[in-house]
Peer 1: 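Attaching a single structure in structure tokens format; questions to follow.
Both ligands and their constituent atoms are indexed starting at 1 by order of listing.
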Amino acid sequence: MTMGNDAPFRTVIEPFRIHSVEPLRMTTAAHRAQKIEEAGYNLFQLHADDVLIDLLTDSGTGAMSRDQWAAIQHGDESYAGSPSFFIFRDAVQELFPFEHVIPTHQGRAAERILFQALCRPGMVVPSNTHFDTTRANIEYAGAEAVDLVIAEGHDPSVQHPFKGNMDTGRLEQLLTERGDAVPCVMMTVTNNSGGGQPVSMANLREVSQIAHRHGKPLFLDFCRFAENAWFIRQREEGYAEASVPDIVREMSALADGMTMSAKKDPMGNIGGWLALRDDALAAECSNLLILTEGFPTYGGLAGRDLEALAQGLREVVSHDYLRYRIRSTAYVVDALTELGIPCLQPAGGHAVYIDARAMLPHIPPLQFPGQSLAVALYEVGGIRSCEIGTVMFGRHPDGSEEPAAMDLVRLAIPRRTYTQSHMDYVIEVCERVLAAKDDLAGYRIVAEPPVLRHFTARFAPLT
Ligand code: F0G
């Protein structure tokens, strides 16, 4: 007789131990107040040395594994036909069986190439919710980016297992009314700007059927494919016994191609790709790639990067990893909710989203409640987060301004990087900001660029 059994423990531990460490620099409140003022109250403009816990993004900020660093040693830097490319291509096609795999230096390069090939002025590209670089690349090509997420996706407090789903009625209507102007349908998986919320297999299947019935290709912006697949396994009927790689392949089979930022689930510090079925489109995209990114067997990456990504793809589909990953995000959401901090529900995959509009109702959306909360989290505890709201989405290409659908602050959690005590500290900082919330004021923008203003805009507090 054995003592143990396989009943799950309450504590879901990190399924790895630490192999090499990076120091964190402690700062004082006075130092942070000075640095954020110098940065024009824009967290993108801070020196990372002045940040204690960096939750600006989960993009390229994860810890690579021992086996990824070993794979880097295996990198071959041949300009053309590097064996590292074929190792990379095979690893991509193992999960995403598209005929053509075109490496790029990161996700937005894949987007630029795809939309340059497909979009013309006057066209319209629907998605559940376009990520900001996707939207910007579509608009840069003169086309319109339309978000068709389900109504539940706009309400941070409502519970729904697949808040990233597309409203298929509205998709059908758009394709019926303006089908001639639609070059393709996109789906962001998971839906980052909508709160890291998953898309169900059933919804993806329906979107695929509608798009194909209208003769339109479907492309997945598939950065967080593994997290989405885990949610399908957990929440969608019929998938509890399926493996994550099988779920990913089933999703891919519904699409005609994908864009990828390999800085997310593929566990890279840099990288991306565009994968396609169509030969002619792939040939056109490869030509655009050569123009600015590089030869098609490296696409702006080093051979060693391609090797690290191939290994990362093998690791991210591990069920032990995904159980820990998704649980650790929910841990923070549960704790903040318990404190009375309004968080987007249910917890998403890669990030915690605080509903700044609900938390700071005294700050009107056009005075940027998300920016106010993000600055406070930095001033109080050295945490860097990211406004996803009216700063990011409030300005239209014609220069007009209106409140975004939601004013969220995203605490993105880099993969395998911070421990539970780091997260307990984050929770405590949020608690202190909550206690002082009535003292927080809004902001106005004093300088901004014409596109993607959140990266470089300068703000002034409205006191
Ligand atoms: N699509 C989605 C859904 C993304 O989240 C991102 C990047 C991209 C495309 C663009 O990829 O950065 O490699 O060019 N998201 C990061 C973030 C920047 O912080 O969410 P990239």
Side-chain angles (χ1 to χ4, degrees), residues 42-44 48 51 54-62 102-116 125 127-140 145 147 149 153 163-164 166 186-199 219-228 251 255 257-275 289 292-293 299-301 305 308-309 312 329 344 348-353 370 374 384-389 391-393 408-415 417 451-456:
N42 185 332
L43 294 137
F44 284 98
V51 173
D54 203 346
L55 307 182
L56 182 67
T57 178
D58 63 320
S59 181
T61 51
I102 300 171
T104 60
H105 80 278
Q106 61 182 83
R108 67 198 69 183
E111 294 163 7
R112 182 190 59 80
I113 290 169
L114 180 66
F115 298 129
Q116 198 170 326
V125 180
S127 181
N128 46 355
T129 312
H130 291 282
F131 183 65
D132 59 349
T133 58
T134 321
R135 168 175 289 279
N137 273 296
I138 290 169
E139 290 173 353
Y140 194 72
D147 295 337
V149 74
K163 264 176 141 171
M166 190 186 277
M186 292 288 298
M187 207 51 164
T188 313
V189 177
T190 58
N191 189 19
N192 183 5
S193 310
Q197 298 291 319
V199 172
F219 296 109
L220 306 178
D221 175 351
F222 220 0
C223 307
R224 299 178 181 86
F225 67 95
E227 292 174 2
N228 200 102
M251 296 178 87
M258 67 185 288
T259 56
M260 174 59 92
S261 169
K263 303 169 75 173
K264 280 83 171 181
D265 274 353
M267 302 275 198
N269 296 131
I270 194 69
W273 67 82
L274 174 63
L289 181 87
T292 55
E293 292 278 304
L301 294 170
D305 299 326
L309 296 179
T329 304
L344 196 146
H350 67 296
V352 175
Y353 294 72
R384 178 154 67 170
S385 57
C386 182
E387 193 263 14
I388 300 201
V391 174
M392 194 179 268
F393 297 118
L408 304 174
V409 168
R410 185 184 74 169
L411 307 173
I413 306 181
R415 293 170 183 76
T417 303
V451 286
L452 296 177
R453 68 176 178 184
H454 52 286
F455 290 130
T456 54

Peer 1: Near ligand 1, which protein residues have a heavy atom under 4.0 Å away?
Peer 2: Thr57, Ser59, Gln106, Gly107, Arg108, Glu111, Phe131, Thr133, Thr188, Asn192, Asp221, Cys223, Arg224, Ser261, Lys263, Lys264, Arg410
Peer 1: May I have the step-by-step check of side chain to side chain contact (heavy atoms under 4.5 Å, CB included) for Phe131 and Ser261, ending in yes or no?
Peer 2: CA-CA 12 Å; Phe131 183 65; Ser261 169; over 6 Å; no
Peer 1: Using the test side chain to side chain donor-acceptor pair (under 3.5 Å), find all partners of Arg410 that sit at least two apart in sequence or belong to another chain.
Peer 2: Asn192
Peer 1: Mind checking what makes salt bridge (Lys or Arg N to Asp or Glu O under 4.0 Å) contact with Asp221, not counting sequence neighbours?
Peer 2: none
Peer 1: Once salt bridge (Lys or Arg N to Asp or Glu O under 4.0 Å) is applied, do any residues pair with Arg384, and if so which ones, sequence neighbours excluded?
Peer 2: Asp54
Peer 1: Is it true that Lys264 and Asp58 have a side-chain N and a carboxylate O under 4.0 angstrom from each other?
Peer 2: no
Peer 1: Decide whether Thr104 and Arg112 meet the rule of one side-chain donor and one side-chain acceptor closer than 3.5 Å.
Peer 2: no
